[in-house]
Amino acid sequence: MQAQAALSHANNKLQATLGALPDLMFEVSLDGRIHQYQSHRSDLLAAPPELFLGKCFADILPPQASAVCQQAMDEAGRKGFSAGLRYALDLPQGECWFDLSVAPLASSVGGAPHFIFIARDITERKRAEKQLELAGLVFQHAREGIMVSDPDGVLVDVNEAFCRITGYSRSEVLGKNARLLSSGRQGKEFYRLMWTSLLQAGYWSGEVWNRRKDGEEYAELLTISTVRNDQGQVVQHVALFSDITPLKRYQLELESIAHFDALTGLPNRLLLSDRLQQAMAQAARRGQKVMVAYLDLDGFKSVNDQYGHAVGDRLLVALGHRLQDHLRDGDTLARLGGDEFVAILVDLEESETVLPLIAGLIAATAEPFHIDGLTLRISASVGVTSYPQSAELDADQLLRQADQAMYQAKLAGKNRYHVFDTQRDSDMRGHFESLERMRQALCRKEFVLHYQPKVNMRSGQLIGVEALIRWQHPERGLMPPLSFLPAIEEHQLSIDVGEWVMDAALAQQGRWRSVGLHIPVSVNVGALQLQQPDFVQRLQALLQRYPDLRPGDLQFEILETSALQEMQQVTAVIGACKALGVDFALDDFGTGYSSLTYLRQLPVHILKIDQSFVRDMLQNTEDQAILRGVLGLARSFGREVIAEGVETQAHGALLLQMGCEAAQGYGIARPMIGDAIPDWLQRWNSHPQWLESVPQTLQESLA
Ligand SMILES: Nc1nc2c(ncn2[C@@H]2O[C@H](COP(=O)(O)OP(=O)(O)OP(=O)(O)O)[C@@H](O)[C@H]2O)c(=O)[nH]1
């Protein structure tokens with residue numbers, strides 16, 4: 001009885017133990033049949049118990065798992081125990097891994113032996129193992145070097161890439177401080193900031209120059225992270241770095257290309273500008289002067305032409321050395337390109353002290369060069385300027401001054417220097433500023449055209465209109481041409497503006513044509529524009545854009561003075577324009593130096609009498625006399641005449657009496673925008689007095 005109670009107790013204990021185990025337990029006979037199971041994790045079963053009890057595991061489990069079970073049972077049969085074999089099952093919650101232990105069950109019953117299978121769920125462990133494995137793989141095979149160090153920087157692990165990049169083997173560095181890689185390029189402050197960031201932010205990232213085992217320096221992009229334990233104590237630092245030395249070299253190379261002239265190795269324009277700015281700032285601080293010498297070789301083109309570009313190149317290199325030898329430490333010599341060099345001379349107390357040095361540079365250039373068995377002689381023109389000046393200026397302006405002065409030296413006969421005249425320049429400066437502003441105005445379409453009608457006073461007929469430029473200035477309002485055109489008179493910009501005027505006038509003419517009005521337009525052409533070698537071609541191209549244009553629709557007004565400047569060329573241009581159907585009028589006639597010969601030669605069709613004669617003609621008999629003379633002259637040369645400045649009815653009446661019928665002026669109409677012309681034309685009536693006027697005979701008018 002007692003034995004039975006003990007047995008029952010043991011059995012209960014076993015059941016309780018089995019119930020407490022998280023594992024699955026099966027009793028399996030040698031043929032693989034499952035007889036019993038024990039588990040409270042039904043979610044880990046491959047099938048419900050009613051399906052697998054009494055069945056072979058080979059029928060329940062997938063082949064791989066079944067094979068593992070068979071292998072474990074065989075091993076247990078042979079050795080008395082099997083442990084550590086693993087299999088996986090695809091269960092609804094995902095892949096689950098099991099660690100299998102099998103032991104034969106000592107049987108007193110006889111018959112086929114039975115085995116106890118214990119399958120332990122190791123899915124979580126497996127997952128952790130996989131992650132570790134992955135981390136290990138990453139660590140070992142990462143292209144980046146990885147080093148793990150303790151809080152003091154002592155290396156506890158490094159990966160293969162670390163060894164490849166640094167040249168150290170793992171065993172050489174483990175236990176050593178990471179400091180052994182230091183190149184000494186970064187100072188204490190650098191490392192202090194790095195450690196502060198590591199402690200405060202938990203990471204640091206940046207570029208570091210370190211040293212490989214063989215002593216070579218290399219650049220690395222380094223990221224260090226701090227690893228803390230649950231208590232927040234730093235336990236490790238993990239550093240990840242990649243070798244960016246090639247990148248750095250490339251960057252340096254690019255910087256060098258960007259800052260140095262490839263031929264001579266001297267600083268280029270960019271670096272020069274930088275150095276000049278520094279030199280100017282330093283001079284301002286120290287109360288010293290900076291001089292800039294802009295050197296351009298004279299006739300260098302002929303060296304190239306005569307001996308070839310390669311010889312020219314060598315001469316430039318040799319000259320670079322020679323000039324450099326003449327400068328002091330701290331001075332800068334740069335090559336701007338071509339045969340242009342610039343020297344910045346610093347630490348000067350007085351500008352004058354530098355002039356012998358400049359003369360020295362010129363003399364050095366003039367010394368013969370021996371290149372490829374040739375003896376070459378060359379000279380240089382140098383422009384000199386200094387800083388500071390009474391007005392504030394920047395490095396670019398200073399350089400431009402030196403360039404201008406160099407140009408003066410060329411004009412003065414070359415092989416010399418010229419010192420920039422700051423006084424003259426300050427007069428010019430306002431001019432340059434307004435030039436820049438006008439260039440903007442052209443881009444921003446701030447210019448507009450107004451049109452002033454020209455009529456035949458006697459018939460009342462509209463002869464045409466004169467296009468007059470205005471500047472619709474955003475701050476200053478509508479500005480008349482005299483307030484801005486003189487500033488660009490001798491500048492390329494005047495040509496651009498002139499071409500814009502022609503184009504805008506022709507476009508307006510097209511708009512009038514579209515409302516049934518045919519109105520000839522005259523535009524003013526400046527001397528510079530007229531003297532452009534391609535003036536006629538450009539005009540031709542413009543006219544092609546307006547195919548509806550008829551001969552006589554466009555007329556140019558040129559100043560007497562500009563026509564006089566290049567008489568021959570202007571005559572040819574006028575002839576060519578005539579062939580394109582464009583006539584010329586001589587503007588402001590009477591104010592220039594017109595001579596009879598000149599008037600006879602110049603093939604202009606119309607003379608425009610300057611308003612200064614017309615305005616005062618009613619009071620001033622001298623003006624009247626001039627007018628009569630001009631009219632007579634025009635008639636005898638077969639030219640048409642138009643009077644400007646007809647301000648009143650009386651002016652018109654007197655002009656008509658004198659035989660001048662065509663006129664323009666406030667007495668007829670003020671200049672107006674193009675779209676106002678059709679309205680004006682509808683309202684326009686010539687004065688009755690003008691319409692009734694009877695012309696004088698030539699003799700009468702000359703009397
Ligand atoms: N050999 C060589 N020639 C260059 C280089 N760069 C520009 N040039 C030439 O240098 C010449 C410089 O032209 P300029 O300064 O206008 O001519 P220049 O004959 O010196 O005339 P001036 O300055 O008016 O006396 C041109 O013929 C360019 O083709 C270069 O790198 N090497």
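When a ligand or atom number is given, it counts from 1 through the structure's own listing order.
- For atom 6 (N) of ligand 1, the closest heavy atom belonging to the protein is Gly338 CA, 3.2 Å.
- Polar contact with ligand 1: present for Gly299 (N/O pair, distance under 3.5 Å).
- Any N or O atom pair closer than 3.5 Å counts here, and Phe300 shares at least one such pair with ligand 1.
- Under 3.5 Å, the side chains of Gln508 and Arg511 contain a donor-acceptor pair of N or O atoms.
- Closest heavy-atom approach to atom 2 (C) of ligand 1 among the candidates Asp261, Asp313, Asp339, Asp298: Asp313.
- The nearest heavy-atom contact from the protein to atom 3 (N) of ligand 1 is Asn304 ND2, 2.8 Å.
- Under 4.0 angstrom from ligand 1, the non-hydrogen atoms of Leu316 all belong to its side chain.
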*Please step through side chain to side chain donor-acceptor pair (under 3.5 Å) for the pair Asp296 and Ser381, ending with a clear verdict.*
CA-CA 5 Å; Asp296 185 294; Ser381 300; over 6 Å; no
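- Checked against a 3.5 angstrom limit, the closest N/O atoms of Ser302 and ligand 1 fall outside it.
- Not a single protein heavy atom sits closer than 4.0 Å to atom 16 (O) of ligand 1.
- The side chain to side chain contact (heavy atoms under 4.5 Å, CB included) test with Val290 is passed by exactly one of Thr385, Leu348, Leu345, Leu276: Leu276.
- Within the listing of ligand 1, atoms 1 (N) sit less than 4.0 angstrom from a heavy atom of Gly312.
- Here the protein heavy atom with the shortest distance to atom 27 (O) of ligand 1 is Lys301 CG, 3.3 Å.
- Judged by distance alone, the side chains of Glu446 and Trp471 do bring a donor and an acceptor atom under 3.5 Å apart.
- For CZ of Arg328, the number of neighbouring non-hydrogen atoms (other residues, nucleotides, ligands) closer than 6.0 Å is greater than 12.
- Of all the heavy atoms in Val382 and Ala293, the pair that sits closest is CG1-CB, 3.9 Å.
- Side-chain contact check for Glu216 and Tyr218: no donor-acceptor pair (N or O, by modelled atom type) lies under 3.5 Å.
- Taking a 4.0 Å cut-off on heavy atoms, Arg335 registers as neighbouring ligand 1.
- Each of the following atoms of ligand 1 lies closer than 4.0 Å to a heavy atom of Lys414: 22 (P), 24 (O), 25 (O).
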*Report the C-alpha distance between Leu449 and Val523 in whole Å, list the side-chain angles of each, state the deciding distance to 0.1 Å, and finish with yes or no for side chain to side chain contact (heavy atoms under 4.5 Å, CB included).*
CA-CA 10 Å; Leu449 289 186; Val523 300; 5.8 Å; no
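- A donor-acceptor contact closer than 3.5 angstrom links the side chains of Glu466 and Asn524.
- Using a 4.0 Å cut-off between heavy atoms, Leu315 makes no contact with ligand 1 at all.
- Under 4.0 Å from ligand 1, not a single heavy atom of Arg314 appears.
- At a heavy-atom distance under 4.0 Å, only side-chain atoms of Lys410, from C-beta outward, approach ligand 1.
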